Amino acid sequence: SAVQGASHASHCVCGKDSSTTVNGHEHDTDTAMAETASLPGTAGSYYLTQSVSGNWTVPTGEVNLCLNGQTINGKITVGSGATLTLTDCSSDNSGKIQGEVLVNGGKFELYSGTITGGVQVGKKGADYQTGSSFTMYGGAITGNKAGSSAGGGVFLIGTTNSNVTAPSFTMHGGTISNNTAGASDGGGGVYVGETCSFTMDGGTITGNKATAGNGGGIYIHFNAGNVSISNATITGNKASATGNTSYGHGGGIYSQRGVTVKNVTITGNNSTYEGGGIYGKGAITLTDATVTDNNRYDVYYGGVEGTTSNSKLTVSGSVKAGYYANFDWKLPILVSGALSEDSVIRVGVREGINPGAIAEPASGVTLSAENFKADAADSVTSLGEDGKVYLSLCEHEMDDTGYTCKKCHTQFDARIGESAYYQTLAKAFQNAQDGSTITLMRDVKLNGSCSASNIITLDLHGKTITSGDKFFNVNNK
């Protein structure tokens, strides 16, 4: 059976044996646990022999509780002077808390088991207690719907009171998944409030949603305390708010200030507006990070020009990411340390801006243009004599398709002469001079009307034009 009987074996408070590594934890001597059929009223070490219902205020002192495959149906409160260490030694990890865990002045450690009502660290109002802390070594926080509240999975309640120690959350392992925050702030997985601290050096945040705000995976307040994110996976989260463009940013991470990530994978996240992977309003730093396959740009800097120094993107190590600049002052990217040979940083720019250099090295760093790819049509990257990387116009060379450039991978509908290529036929008509010949390069469905007032030759080149509701307008010269 997954549930141990009255002969429940002694085990470390983490619920694992000494051969199993638990990040951030050192195994201690096996803890003997007393059986209980109800929620304990005094400090000590216990294991549940049956599922129980009802709200529980953890008694003062240290309580080690093994769920033993059982379920607690109700809210748990960990107040000042109380410490709760929760684990589940059942072989199928079936132990559950079907309700919220509120930490207000106490200490909560989670090694295993599943919490379906979220974890709130701190409490709004006059009853806000100092020093609330939550440490997650394993287990799962999943399936909580916070309604009109922020922080679907873990909600760190901020404070401006300098006389109290703000809440902290340390995530060494485990999974925060499939939670929803319905507030205009957001934070589907984790919300880091004012002066609160968050350290993530392991674990996974996945499948969470911010339906009315920002930060599908993580939301960081501009006045949060220390925030560190490393050795982690943040994937498949969504910031799905629509309408007001102030919301719907930062599918993976939304930070009202800067954010630094190291040795992380941030993939497959989505946002309605900019920043599918990371949206930061301050300096964004990536070290040994993969931020790829997120929609609406992997990395987006949403700050204001000139408000802070170097408030853009800094990279080093092995980095795979995409970055988008809709203003030239968002570039260049600072390369603070050597990039590995396999690093690929895709840089997109809004058409019409002049970004100058897209990447510049810190002192002692040598750049390679091969580490940077242009996400801008007609462009390739090149290394300047000053050691910086620039975008430059591509001298196109078509591949076997006849319409895709081998170098910049841009696809074209038409060309004028032998070397002027255009992504749309309408654009080619706009640029055609008297006596020009436009050659069709592939089958085309018109996405804009084509007008000609000069004498122009259109060579179909064996291709087909489908006009739909667009048209050719031919004027007298």
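The first residue of the sequence shown is numbered 1, and numbering continues consecutively from there. Every value quoted in this text rests on a predicted model; they were computed, and no experiment measured them.
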- Are Arg350 and Phe327 in a cation-pi setup, meaning NZ or CZ lies under 6.0 angstrom from the ring centre and within 45 degrees of the ring axis? yes
- Task: Output every pair passing side chain to side chain donor-acceptor pair (under 3.5 Å) with a member in residues 179-189, not counting sequence neighbours, ordered by first then second residue.
- Result: Asn179-Asn208, Asp185-Tyr191
- Sequence neighbours excluded, every pair satisfying salt bridge (Lys or Arg N to Asp or Glu O under 4.0 Å) that has a member inside residues 126-141: Lys123-Asp127
- Task: Mark yes when over 12 heavy atoms from residues, nucleotides or ligands other than Asn226 sit less than 6.0 Å from its CG; otherwise mark no.
- Result: no
- Item | For Thr114, all residues meeting side chain to side chain donor-acceptor pair (under 3.5 Å), sequence neighbours excluded | none
- Query: Ignoring hydrogens and geometry, is there a side-chain-to-backbone donor-acceptor pair from Asn295 to Ser271 under 3.5 Å?
  - Reply: yes
- Pairs satisfying ring pair (Phe, Tyr, Trp, His ring centres under 6.0 Å), at least one member in residues 255-288, at least two apart: His249-Tyr273, His249-Tyr279, Tyr254-Tyr279, Tyr279-Tyr300
- Message: Between Ser177 and Thr142, is the side chain to side chain donor-acceptor pair (under 3.5 Å) condition met? List the steps.
- Response: CA-CA 5 Å; Ser177 66; Thr142 186; 3.1 Å; yes
- Please list, chain by chain and in numerical order, all residues satisfying side chain to side chain donor-acceptor pair (under 3.5 Å) with Asn55, sequence neighbours excluded. none
- Those residues at least two apart in sequence (or on a different chain) that pass side chain to side chain donor-acceptor pair (under 3.5 Å) with Ser51 are Gln70
Hey, can you pull the donor-acceptor pairs under 3.5 Å for the side chains in residues 388-398, sequence neighbours left out?
| from | atom 1 | to | atom 2 | distance (Å) |
| --- | --- | --- | --- | --- |
| Tyr390 | OH | Asp386 | OD2 | 2.5 |
| His396 | NE2 | Asp378 | OD1 | 3.2 |
| Glu397 | OE2 | Lys406 | NZ | 3.4 |

- Item | Any side-chain heavy-atom pair of Ile176 and Met171 under 4.5 Å | yes
- For residues 338-381, which residue pairs qualify under ring pair (Phe, Tyr, Trp, His ring centres under 6.0 Å), counting only residues two or more places apart or in two chains? none
- According to the salt bridge (Lys or Arg N to Asp or Glu O under 4.0 Å) rule, which pairs have a member within residues 314-332, sequence neighbours left out? Lys320-Asp342
- Message: Suppose we screen for side chain to side chain donor-acceptor pair (under 3.5 Å). Which residues come up paired with Thr159, at least two apart in sequence or across chains?
- Response: none
- Message: Counting neighbours of NZ on Lys407 that are heavy atoms of other residues, nucleotides or ligands and sit closer than 6.0 Å, is the number greater than 12?
- Response: yes
List the atom pairs, donor and acceptor, that lie under 3.5 Å between side-chain atoms in residues 130-137 and the rest of the protein, sequence neighbours left out.
| from | atom 1 | to | atom 2 | distance (Å) |
| --- | --- | --- | --- | --- |
| Thr130 | OG1 | Thr165 | N | 2.6 |
| Ser132 | OG | Val103 | O | 3.4 |
| Ser132 | OG | Gly105 | N | 2.6 |

- Task: Not counting sequence neighbours, list each pair that qualifies as a salt bridge (Lys or Arg N to Asp or Glu O under 4.0 Å) and has a residue in residues 103-120.
- Result: Lys107-Glu109
- Item | Heavy-atom donor-acceptor pair, Asn104 side chain to Gly122 backbone, under 3.5 Å | no
